[in-house]
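Proteins get letters first, then strands, A, B, ... in listed order; numbering begins at 1 in each.
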Amino acid sequence: MKRQAQSIARLPIETKEGIFFASYSQDGLCRLEFPKSTKPSNTPETKQVPGTIQGWHELTTKAVMALLAGAACSRVPPLDLTSGTEFQQQVWRGMQKIDLGQTSSYAELAAAIGKPKATRAVGGACGANPIPLLVPCHRVVASHHRLGGFSGGLHWKRLLLDREQCNVFA
DNA sequence: CCACGGTGGTAGA
DNA sequence: TCTACCACCGTGG
């Protein structure tokens, strides 16, 4: 069963690394996009959005800034992960338990949700993660100190782990 | 069904 | 070390 989690607002987050975009449903943050190009020029005008969402967006913005700086974020907005399948949501919830500066592996994560043989499927779920950074899919690496892949581009995974001081790679 | 992954483990070179 | 191969499992066509 998969849903679509309709977004009612899509707001920009300007950072040193480019412009992220955050989408919100009525239940919270439902999507976070990596910057496409480093310089897509001006921001597409912020329309009027409900106060609740403005509050969430502030939290999201701070969280993204903090994580890019390798710092922990104290508060995060509510996350709407209902767009995923049951399995995917289990994986995503499991990822949220990985602390800053820590890493886990696809196998560990699979075992953590009681499906030790679903390692490869976990990889798929990571790739389907709608909210990278806040749901730290970049902290999931392969076995034997190998980096593994990353949908948003491996350079992001490297950058994030580097900022978080995870010198686990060779 | 079938094919495809952000895997993991084994076997050889 | 690196390559080749294969078992696994959830997802989408």
Side-chain angles (χ1 to χ4, degrees), chain A residues 1-7 10 13 15-25 27-38 40 60 63-73 76-170:
Chain A
M1 50 178 73
K2 51 188 168 190
R3 264 182 48 197
Q4 185 55 47
Q6 50 153 354
S7 96
R10 181 168 175 272
I13 298 178
T15 75
K16 198 95 177 179
E17 324 295 337
I19 302 180
F20 288 74
F21 279 97
S23 300
Y24 301 87
S25 71
D27 297 322
L29 177 64
C30 63
R31 193 162 131 78
L32 182 62
E33 305 164 45
F34 280 107
K36 297 178 178 55
S37 63
T38 47
T60 305
V64 169
M65 296 301 197
L67 288 170
L68 285 179
C73 42
V76 296
L79 307 182
D80 180 0
L81 296 174
T82 54
S83 63
T85 65
E86 199 53 47
F87 175 78
Q88 291 171 330
Q89 294 188 41
Q90 288 183 58
V91 174
W92 298 339
R93 282 194 291 267
M95 280 193 270
Q96 297 182 61
K97 297 183 200 155
I98 311 174
D99 304 310
L100 186 87
Q102 300 270 63
T103 60
S104 186
S105 70
Y106 300 96
E108 285 182 84
L109 207 42
I113 62 176
K115 303 191 177 183
K117 285 169 296 188
T119 61
R120 207 164 177 182
V122 165
C126 288
N129 171 23
I131 314 180
L133 272 75
L134 272 69
V135 176
C137 48
H138 58 280
R139 294 181 195 144
V140 183
V141 297
S143 301
H144 302 332
H145 291 263
R146 287 171 23 75
L147 190 55
F150 199 69
S151 300
L154 264 180
H155 54 289
W156 281 111
K157 191 168 185 174
R158 286 211 157 90
L159 182 142
L160 291 168
L161 288 177
D162 184 56
R163 299 279 169 86
E164 295 183 5
Q165 320 265 331
C166 295
N167 301 336
V168 286
F169 49 86

Under 4.0 angstrom, heavy atoms only, what part of the nucleic acid is [X] near: base, sugar-phosphate, or nothing?
{"X": "A:Gly124", "value": "nothing"}
{"X": "A:Val140", "value": "base"}
{"X": "A:Phe87", "value": "sugar-phosphate"}
{"X": "A:Ser151", "value": "base"}

Nearest-Å distance for atom pair [atom1]/[atom2], residues [X] and [N]:
{"X": "A:Arg120", "N": "C:dA7", "atom1": "CZ", "atom2": "C1'", "answer": "10 Å"}
{"X": "A:Glu86", "N": "C:dC9", "atom1": "CD", "atom2": "P", "answer": "19 Å"}
{"X": "A:Lys117", "N": "C:dC8", "atom1": "NZ", "atom2": "P", "answer": "8 Å"}
{"X": "A:Gln89", "N": "C:dT11", "atom1": "CD", "atom2": "P", "answer": "10 Å"}
{"X": "A:Arg146", "N": "B:dT7", "atom1": "CZ", "atom2": "P", "answer": "8 Å"}
{"X": "A:Tyr106", "N": "C:dA7", "atom1": "OH", "atom2": "P", "answer": "23 Å"}
{"X": "A:Lys115", "N": "B:dG8", "atom1": "NZ", "atom2": "C1'", "answer": "19 Å"}
{"X": "A:Trp92", "N": "C:dT11", "atom1": "CH2", "atom2": "C1'", "answer": "12 Å"}

- Query: Which listed nucleotide (C:dT11, B:dG6, C:dC9) is nearest to the side chain of A:Ala118?
  - Reply: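 Nearest to the side-chain atoms of A:Ala118, counting from C-beta on, is C:dC9.
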- Would you mind telling me which of B:dG8, B:dG6, C:dC9 lies closest to the side-chain atoms of A:Ala121?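 Of the candidates, C:dC9 comes closest.
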Verify, without hydrogens or angle tests, whether [X] (side chain) and [Y] (backbone) share a donor-acceptor contact under 3.5 angstrom.
{"X": "A:Lys157", "Y": "A:Val140", "result": "yes"}
{"X": "A:Gln89", "Y": "A:Gly84", "result": "yes"}
{"X": "A:Arg163", "Y": "A:Leu68", "result": "yes"}

Contact check, side chains of [X] and [Y], non-hydrogen atoms, under 4.5 Å:
{"X": "A:Ile113", "Y": "A:Phe87", "result": "yes"}
{"X": "A:Pro130", "Y": "A:Leu81", "result": "yes"}
{"X": "A:Leu67", "Y": "A:Leu134", "result": "yes"}

- Query: For the residue pair A:Phe150 and A:Trp156, is the inter-centroid distance of their aromatic rings smaller than 6.0 Å?
  - Reply: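 Aromatic pair excluded; centres sit 6.0 Å or further apart.
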- Could you summarise the pairing of DNA chain C as dot-bracket text, marking Watson-Crick and G-U pairs under 3.5 Å with ( ) or [ ] inside the strand and | across strands? |||||||.|||||
- Message: Below the 4.0 Å mark, does B:dG9 have OP1 or OP2 next to a side-chain nitrogen or oxygen of A:His144?
- Response: yes
- Task: Go through the N and O atoms of the side chain of A:Thr119 and the base of B:dG8, and report whether any donor-acceptor pair is under 3.5 Å.
- Result: no
